[in-house]
Q: 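Pasting in a structure now, in structure tokens, and then I'll have a few things to ask.
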Amino acid sequence: MLLSRLAEVSGEVAATAARSRKVALLAELFREAEAEDVPVVIPYLAGRLPQGRLGVGWKVLGRHVPAAPEATLTVREVDAALTELGRVSGPGSQAERARLVGALLGAATEAEQRFLLGLLSGEVRQGALDAVAVEGLARATGAAAGDVRRAVMLSGSLQAVAEALLGEGPDALDRFRLTVGRPVLPMLAHSASSVAEAVQKLGACAVEEKLDGIRVQVHRDGDTVRVHTRTLDDITARLPEVTAAALELSGDRFILDGEVISFDAAGRPRSFQETAGRVGSRADVARAAEQVPVSPVFFDVLAADDRELLDLPFAERHAHLARLVPEPMRVRRTLAEGPGDIPAAQRFLADTLARGHEGVVVKSLAAPYSAGRRGAAWLKVKPVHTLDLVVLAAEWGHGRRTGRLSNLHLGARTADGGFAMLGKTFKGLTDALLAWQTERLLRLAVEDDGWTVRVRPELVVEIAYDGLQRSSRYPAGVTLRFARVLRYREDKSPAEADTVEALLAAHPEVTP
DNA sequence: TTCCGACAGTGGGGTCGCAAT
DNA sequence: ATTGCGACCCCACTATCGGAA
């Protein structure tokens, strides 16, 4: 199949708003694809490369390459070229990668270049990723969409499911069952603004501490242990403590879901930055483990012995978990039967925060484990802080925000009467607010380099954030975690904005 | 008819590893 | 030795479609 056909369909998918039409377009293309093209066509139209990330970013992709006049590239040629690209390493590799990308783009027409650049940068912007591709695949093969989705969640691979389906038909889906040793996409949580709201929504529930670490899925099959991240990367080699802990458990075959976190000598959780740095260390794991030891803390079990537990209610899964994992290696929790238990749940949250943790996750006791979904059955509750900050600049937006000032540079007052930048945010803005702030900020503009518009520091904005963290990038030595806009405060003058001094005083646990 | 669940998009900061300087 | 880039951890929020209620 020609790449130009994919580029054409991708363009049509991007141009239509209706999901049903997107699905139909993808289904039609999947039906057209020859068997040998399927392993490439499916991920491409889901906006992903089968090879994963290839080590090329905006630096290489930003260079302009003259387009070919005629469409001749086949998807298999492109795939072969990108496989080659992924193999390049060692000295001179950056130049070699740039050369290979240039050669590929040079053989592509303008439309094909647009599609390839989207794939390579991971931003196809066609309004269709895995979920829509799954629907299209189901439509193309006559399988039930729910069955296809489940197979993808349980295998973590749209590509594998697609190959089997298109090659063998709907019966092939039976093979994609939960298997110890094969990672499953984890269940995710929604947010709630308070424990009371969460408990009221869910009814009988467990309120569990939320640890600020790295999510892990641990598979043990006899003496073999594998540890996977949220995106199913294998990080077993970096976490010997987790392997050791899994081998100590009484069970012989299981899949556990939990968090890895580092505690200091006093038993307090270390900052996310410290835990993440440790988990990211590959070079000298033994040394890293000595300096920042980590512990697994589990909260769910997906399989035990030869039993698949996904579809059991959480209450029953937890009973299995409690048999398998001793209490110190499980997250702390309290049960709430209904609204009457809200005060106790609130005390549990306060206690959890006092112990240095992030917040709680409230989980319905009746809900199954919805692999790969952000189910409404899990609701996280974290305290929110707010600040009044001054807009120092704004960056021009991309995609649907093109032509709008989007990403705000936020400043707090300093002792000398100036402002120190604390970070940026683009979150929390409605279309109306985007339009308003674009017009308003342009009136305050003092400089526009085409990327960033600097403004007179006169506009005050109320910002919500989850906490403070250390920063080597910003002048105060700290930055806001997960900053988002709540509202503009035109009633406030910049002189009334919050100060760096007060911010630091409010977060004594963080020292710049 | 209205409501709400699921998705995609729009980017944020930090840290590590690797290649280039 | 330092710097820059890319990958991958953590993530919030809004708009939209389309099925559920």
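The figures that follow rest on heavy atoms only: side chains count, while hydrogens, waters and symmetry mates do not.
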Q: Tell me the interatomic distance from A:R21, atom CZ, to C:dT16, atom C1', rounded to whole angstroms.
A: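 About 18 Å, once rounded to whole Å.
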Q: Hey, does A:Q126 reach any base, or is it just sugar-phosphate, or nothing, if we go heavy atoms under 4.0 Å?
A: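 Here A:Q126 touches the backbone only, sparing every base.
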Q: Could you walk me through whether A:E274 and A:S271 satisfy the side chain to side chain donor-acceptor pair (under 3.5 Å) test, starting with their C-alpha distance in whole Å, then the side-chain angles of each, then the deciding distance to 0.1 Å, before giving a yes or no?
A: CA-CA 5 Å; A:E274 289 173 282; A:S271 72; 3.2 Å; yes
Q: Ignoring the backbone of A:E395, work out which of C:dC10, B:dG12, C:dA12 is nearest its side chain.
A: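 Of all the options, the side chain of A:E395 is nearest to B:dG12.
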Q: Check this for me: does any side-chain nitrogen of one of A:D300 and A:K363 sit under 4.0 Å from a carboxylate oxygen of the other?
A: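 Between A:K363 and A:D300 there is no salt bridge, as every charged N stays at least 4.0 Å from the carboxylate O atoms.
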Q: What is the distance, rounded to the nearest whole Å, between atom NE2 of A:H398 and atom P of B:dG11?
A: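 About 6 Å, once rounded to whole Å.
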Q: Can you tell me the distance, in whole Å, between the CG atom of A:L408 and the P atom of B:dG12?
A: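 Those two atoms, CG and P, are 11 Å apart.
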Q: For A:A283, answer base if it contacts any base atom (sugar-phosphate contacts may also be present), sugar-phosphate if it contacts only those atoms, and nothing otherwise; contact means non-hydrogen atoms under 4.0 Å.
A: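 Sugar-phosphate: the residue A:A283, judged by heavy atoms under 4.0 Å, touches backbone atoms but no base.
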Q: Just checking A:A483: base, sugar-phosphate only, or nothing, at a heavy-atom cut-off of under 4.0 Å?
A: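 Since no nucleic acid heavy atom lies under 4.0 Å of A:A483, the category is nothing.
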Q: Find the distance A:L480:CG to B:dG12:C1' and express it as a whole number of Å.
A: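 From A:L480 CG to B:dG12 C1': 11 Å.
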Q: Just call it for A:K210: base, sugar-phosphate, or nothing, with non-hydrogen atoms closer than 4.0 Å on any strand.
A: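 A:K210: backbone/sugar contact only, no base atoms under 4.0 Å.
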Q: Between A:R481 and B:dG13, is there a side-chain N or O to OP1/OP2 distance below 4.0 Å?
A: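 It does not, given that no N or O in the side chain of A:R481 lies less than 4.0 Å from OP1 or OP2 of B:dG13.
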Q: Compare side-chain N and O positions of A:T229 against OP1 and OP2 of C:dC9 and report whether any pair is under 4.0 Å apart.
A: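 True: A:T229 side-chain N/O within range (under 4.0 Å) of C:dC9 OP1/OP2.
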Q: To the side chain of A:F426, which of C:dC9, B:dG12, B:dG14 is closest?
A: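 My answer, after comparing the listed nucleotides, is B:dG12.
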Q: In terms of the nearest nucleotide of DNA chain B, which residue is placed more toward the 5' end: A:G399 or A:R282?
A: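 Result: A:G399.
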Q: Of the listed nucleotides (C:dC11, C:dG18, C:dC5), which one gets closest to any side-chain atom of A:W58?
A: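 Of C:dC11, C:dG18, C:dC5, C:dC5 is nearest to the side chain of A:W58.
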Q: Does a nitrogen or oxygen in the side chain of A:N407 sit under 4.0 Å from OP1 or OP2 of B:dG12?
A: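 Checking A:N407 against B:dG12: at least one side-chain N or O falls below 4.0 Å of OP1 or OP2.
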Q: Counting side-chain heavy atoms from C-beta on, which of C:dC11, B:dG12, B:dG14 comes nearest to A:R473?
A: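 Of C:dC11, B:dG12, B:dG14, B:dG14 is nearest to the side chain of A:R473.
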Q: Tell me: CH2 of A:W378 to P of C:dC11, nearest whole Å?
A: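 Value for this atom pair: 12 Å.
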Q: Can you tell me the base-pairing partner of B:dC7? Count Watson-Crick or G-U wobble geometry only, both distances below 3.5 Å, and say none if there is no partner.
A: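 Across any shown strand, B:dC7 pairs with none.
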Q: Check every strand shown and say whether A:K22 touches a base, only sugar-phosphate, or nothing at a heavy-atom separation below 4.0 Å.
A: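 Touches nothing.
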Q: So, does A:R470 get its side chain near the phosphate of B:dG13, meaning an N or O under 4.0 Å from OP1 or OP2?
A: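 No, A:R470 has no side-chain N/O under 4.0 Å of OP1/OP2 on B:dG13.
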Q: Under 4.0 Å between any heavy atoms, over every strand shown, what does A:T425 touch: base, sugar-phosphate, or nothing? Just pick one.
A: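 Result for A:T425 = nothing.
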Q: For a quick test of reading the model: is some side-chain N or O of A:S20 closer than 4.0 Å to OP1 or OP2 of C:dG18?
A: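 For C:dG18, OP1 or OP2 has a side-chain N or O of A:S20 closer than 4.0 Å.
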Q: How close or far is atom C1' of B:dT10 from atom CG of A:L405, stated in whole angstroms?
A: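 A:L405 atom CG is separated from B:dT10 atom C1' by 15 Å.
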Q: Just checking A:D212: base, sugar-phosphate only, or nothing, at a heavy-atom cut-off of under 4.0 Å?
A: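 Result for A:D212 = nothing.
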Q: What's the closest nucleotide to the A:R230 side chain, out of C:dT14, B:dG17, C:dC10?
A: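 Nearest to the side-chain atoms of A:R230, counting from C-beta on, is C:dC10.
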Q: From the options B:dA20, B:dG9, C:dC10, select the nucleotide whose nearest atom is closest to the side chain of A:R400.
A: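 That would be B:dG9.
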Q: Considering only C:dC17, B:dT10, C:dC11, which nucleotide approaches the side chain of A:R19 most closely?
A: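 The nucleotide sitting nearest to the side chain is C:dC17.
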Q: When you measure from the side chain of A:A131, which nucleotide among B:dA8, B:dG12, C:dC9 comes out closest?
A: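 For the A:A131 side chain, the nearest candidate turns out to be B:dA8.
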Q: Does NZ or CZ of A:R481 lie under 6.0 Å from the centre of the six-membered ring of A:F272, at an angle within 45° of the ring axis?
A: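 Checked: cation-pi criterion met.
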Q: Could you check whether A:R270 and A:S262, counting side-chain N and O atoms only, form a donor-acceptor pair closer than 3.5 Å?
A: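 Distance-only check passes for A:S262 and A:R270.
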Q: Tell me, with the steps shown, if A:D257 and A:F298 meet side chain to side chain contact (heavy atoms under 4.5 Å, CB included).
A: CA-CA 6 Å; A:D257 191 0; A:F298 297 107; over 6 Å; no
Q: Taking for each residue the nucleotide of DNA chain B bearing the nearest heavy atom, is the 5' side occupied by A:V132 or by A:S93?
A: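 On the 5' side of the pair lies A:V132.
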Q: Just to confirm, is there a sub-4.0 Å distance from OP1 or OP2 of C:dA7 to any side-chain nitrogen or oxygen of A:K59?
A: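 No, A:K59 has no side-chain N/O under 4.0 Å of OP1/OP2 on C:dA7.
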Q: If we ignore angles and hydrogens, is there a donor and acceptor under 3.5 Å between the side chains of A:S155 and A:S157?
A: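 No, no side-chain donor-acceptor pair sits under 3.5 Å.
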Q: Just N and O in the side chain of A:Q273: are any of them under 4.0 Å from OP1 or OP2 of B:dT15?
A: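 Checking A:Q273 against B:dT15: at least one side-chain N or O falls below 4.0 Å of OP1 or OP2.
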Q: Distance check needed: B:dA19 P versus A:R97 CZ, whole Å only.
A: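 Roughly 8 Å, once rounded to whole Å.
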Q: Under a plain distance cut-off of 3.5 Å, with no hydrogens placed, do A:R401 and A:S406 share a side-chain donor-acceptor pair?
A: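 The criterion, which ignores hydrogens and geometry beyond distance, is satisfied for A:R401 and A:S406.
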Q: Where each residue is assigned the nucleotide of DNA chain C containing its nearest heavy atom, which of A:F482 and A:A18 is assigned the position nearer the 5′ end?
A: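 Looking at DNA chain C, the more 5' nearest nucleotide goes with A:F482.
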Q: What nucleotide, of C:dC8, B:dG9, B:dA20, holds the atom closest to the side chain of A:R53?
A: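 For the A:R53 side chain, the nearest candidate turns out to be C:dC8.
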Q: Return no unless some side-chain N or O of A:S191 is found under 4.0 Å from OP1 or OP2 of C:dC13.
A: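 Looking at the OP1 and OP2 atoms of C:dC13, neither is under 4.0 Å from any side-chain N or O of A:S191.
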Q: Could you check how far CG of A:D431 sits from P of C:dT14, rounded to whole Å?
A: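 Checked: the CG to P distance equals 11 Å.
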Q: By nearest atom, which of the nucleotides C:dA15, C:dC11, C:dC17 is closest to the A:K427 side chain?
A: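 Output: C:dC11.
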Q: Checking A:Q51 against A:T83: is there a side-chain donor and acceptor pair closer than 3.5 Å?
A: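 Per modelled atom types, A:T83 and A:Q51 side chains form a pair under 3.5 Å.
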Q: For A:G52, report the nucleic acid contact type (base, sugar-phosphate, nothing); a contact means any heavy atom under 4.0 Å.
A: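 The residue A:G52 makes no contact with any strand.
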